[in-house]
Amino acid sequence: MAIDKRMVSEVRVWLEEAAQFIRESLDHTMTVVEKSGRTDLVTNIDEETQEFLMNKIRSHYPEDKILGEEKGYNTIDSLEGRVWIIDPIDGTMNFVMEQENFCIMLGIFENGIGQLGFIYDVMKNELYWGGKKLGVYLNETRLTQPAFGKLSEGLLGLNAHMYGENTHFARVLGNKSMGVRISGCAGLEMIAMLKGNHNGYLSNLSPWDYAAGIVLLEEFGFKYSNLKGTPLSFDGREYFLAGSPETYEEILHYVLVNGA
């Protein structure tokens with residue numbers, strides 16, 4: 001898939017409209033519903049934002065497939081063809097409890113290969129976007145690939161539950177870094193790596209949590225996989241590892257040697 005500048009422009013407009021809708025919705029009544037438990041939430045704004053983006057995709061690209069977090073669109077038969085992967089609000093708990101530190105994320109894949117990625121920090125009005133051989137941008141500014149470092153030389157983003165339970169040695173690995181950061185939002189963790197603020201990220205994610213981010217990470221030379229070192233499945237939740245080449249290899253080696 002050659003990068004279609006018209007598509008990039010369209011998606012950027014859609015995301016700006018979606019972000020404005022979310023910001024305006026904060027002044028209205030929010031309906032919050034538990035999904036699998038009291039800490040797994042969805043709001044009417046999540047669902048309405050996803051529906052807005054899906055309608056845009058369907059009207060402009062009716063032949064394409066869509067994989068989204070909400071309302072029964074969270075499975076797909078294959079990644080063949082062009083697939084849009086949507087997380088309408090990544091960090092819903094932050095959205096509900098803090099009304100900040102959440103993102104809209106959208107990734108576009110062609111036959112399983114990431115082509116374009118968009119991560120929108122809604123309350124900061126900052127859109128990180130880019131794609132294959134396109135570069136990575138913050139709004140209109142092209143970013144420079146960050147300097148890479150070892151695990152011991154930088155900060156490590158972690159999933160809170162994994163750190164608390166030392167799942168797959170998350171706490172041990174965190175202690176090997178310069179410090180642990182827990183944001184509760186995969187999109188913000190991806191941004192932290194793109195900016196060079198974090199050397200790596202270890203979590204338990206669904207496809208819509210990582211799809212947009214890995215397109216941008218790959219463009220900057222970061223490595224990513226599941227904790228077995230094999231490709232991500234794009235099918236349900238799985239353990240996720242990303243980082244600078246040095247940090248990624250060190251974490252993966254430690255987990256595999258010590259029994260993932």
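Being a predicted model, the structure only gives us computed values, none of them experimental.
The CD atom of Q50 sits 9.0 Å away from atom CG of N74, with the distance rounded to the nearest 0.5 Å. Distance check, rounded to the nearest 0.5 Å: CD1 of I104 to CH2 of W14 gives 13.5 Å. Atoms CG and CE, from N101 and M93 in turn, are 13.5 Å apart once rounded to the nearest 0.5 Å. Separating the CD atom in E48 from the CD1 atom in I89 is a distance of 9.5 Å, to the nearest 0.5 Å. In this structure, OG on S183 lies 7.0 Å from CG on N94, to the nearest 0.5 angstrom. Taken to the nearest 0.5 Å, the CD1 atom of I57 stands 4.5 Å off from the CD1 atom of I66.
Not counting sequence neighbours, the partners of E218 by the salt bridge (charged side-chain N to carboxylate O under 4.0 Å, His left out) test are K132. For T141, there are no side chain to side chain contact (heavy atoms under 4.5 Å, CB included) partners, not counting sequence neighbours. Residues satisfying the side chain to side chain donor-acceptor pair (under 3.5 Å) test with S78, not counting sequence neighbours, are K65. Listed by chain and number, the residues in a side chain to side chain contact (heavy atoms under 4.5 Å, CB included) with E34 are R38, L41 (sequence neighbours excluded). Residues that satisfy the side chain to side chain contact (heavy atoms under 4.5 Å, CB included) test with A192, not counting sequence neighbours, are N197, H198. Contacts of T43 classified as side chain to side chain contact (heavy atoms under 4.5 Å, CB included), with partners at least two apart in sequence or in another chain: M30, V32, I45, D46, T92, F95, V96. Looking at residues two or more places apart in sequence or on another chain, you find no salt bridge (charged side-chain N to carboxylate O under 4.0 Å, His left out) involving E100. Remark: R6 pairs with D4, E10 by the salt bridge (charged side-chain N to carboxylate O under 4.0 Å, His left out) rule, at least two apart or across chains. For D235, the salt bridge (charged side-chain N to carboxylate O under 4.0 Å, His left out) test picks out no residue, with sequence neighbours left out.
Electrostatic pairing of E51 and R58 counts as a salt bridge here, judged by a charged N lying under 4.0 Å from a carboxylate O.
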Next on the checklist: Evaluate E140 against R12 for salt bridge (charged side-chain N to carboxylate O under 4.0 Å, His left out), listing each step before the verdict.
Outcome noted: CA-CA 11 Å; E140 304 303 326; R12 291 186 64 184; 2.7 Å; yes
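Counting only heavy atoms from C-beta outward, the side chains of Y120 and L106 never approach each other to under 4.5 Å. Looking only at side-chain heavy atoms (C-beta outward), Y128 and M190 stay at 4.5 Å or farther from each other. Counting only heavy atoms from C-beta outward, the side chains of L217 and L194 approach each other to under 4.5 Å. Contact of the S233 side chain with the N226 side chain is not registered, since no non-hydrogen atoms from C-beta on lie closer than 4.5 Å. The closest side-chain heavy-atom distance from M105 to W208 is not below 4.5 Å. Residues L173 and N175 form no side-chain contact, since every pair of their non-hydrogen atoms from C-beta on lies 4.5 Å or further apart.
Under a 3.5 Å cut-off, the side chain of H60 and the backbone N or O of K56 do form a donor-acceptor pair. Judged by distance alone, with hydrogens and angles left aside, the side-chain atoms of R142 form no donor-acceptor pair with the main-chain N or O of V136 at under 3.5 Å. Side-chain atoms of E126 never come within 3.5 Å of backbone atoms of D121 as a donor-acceptor pair (strictly under, hydrogens ignored). Between the side chain of E219 and the backbone N or O of K133 there is at least one donor-acceptor pair closer than 3.5 Å. The main-chain N or O of S244 is never found under 3.5 Å from a side-chain atom of N199 such that the two would form a donor-acceptor pair.
Residues S225 and Y248 have side chains that bring a donor and an acceptor to within less than 3.5 angstrom of each other. Looking only at atom types and distance, the side chain of E24 has a donor-acceptor partner in the side chain of Q20 under 3.5 Å away.
Grouped by direct or indirect side-chain proximity (heavy atoms under 4.5 Å, Ile/Leu/Val/Met/Phe/Trp/Tyr only), V42 sits with V33.
In this structure, Y224 and F240 have parallel ring planes: the angle between them is below the 30° cut-off, well short of the 60° mark.
A single hydrophobic cluster is not seen to contain both I113 and V83; linkage of ILVMFWY side chains at heavy-atom distances under 4.5 Å, directly or through other members, places them apart.
Legend: ring-ring contact (aromatic ring centres under 6.0 Å, His included) pairs involving residues 133-152, not counting sequence neighbours, sorted by first then second residue: W129-Y137, F148-F222.
Note: Y61 and W84 meet the aromatic proximity criterion, with ring centroids under 6.0 Å apart. The aromatic ring centres of Y210 and F234 sit less than 6.0 Å apart.
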Please output the side-chain donor-acceptor pairs of residues 149-164 that fall under 3.5 Å, not counting sequence neighbours, one pair per line with the distance.
unit_1	atom_1	unit_2	atom_2	d
E153	OE1	K150	N	2.8
N159	OD1	H161	N	2.9
N159	OD1	M162	N	2.8

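Taking both residues in full, the closest heavy atoms of A212 and I119 are given as CB-CG1, 4.2 Å, listed atom of the first, atom of the second, then distance.
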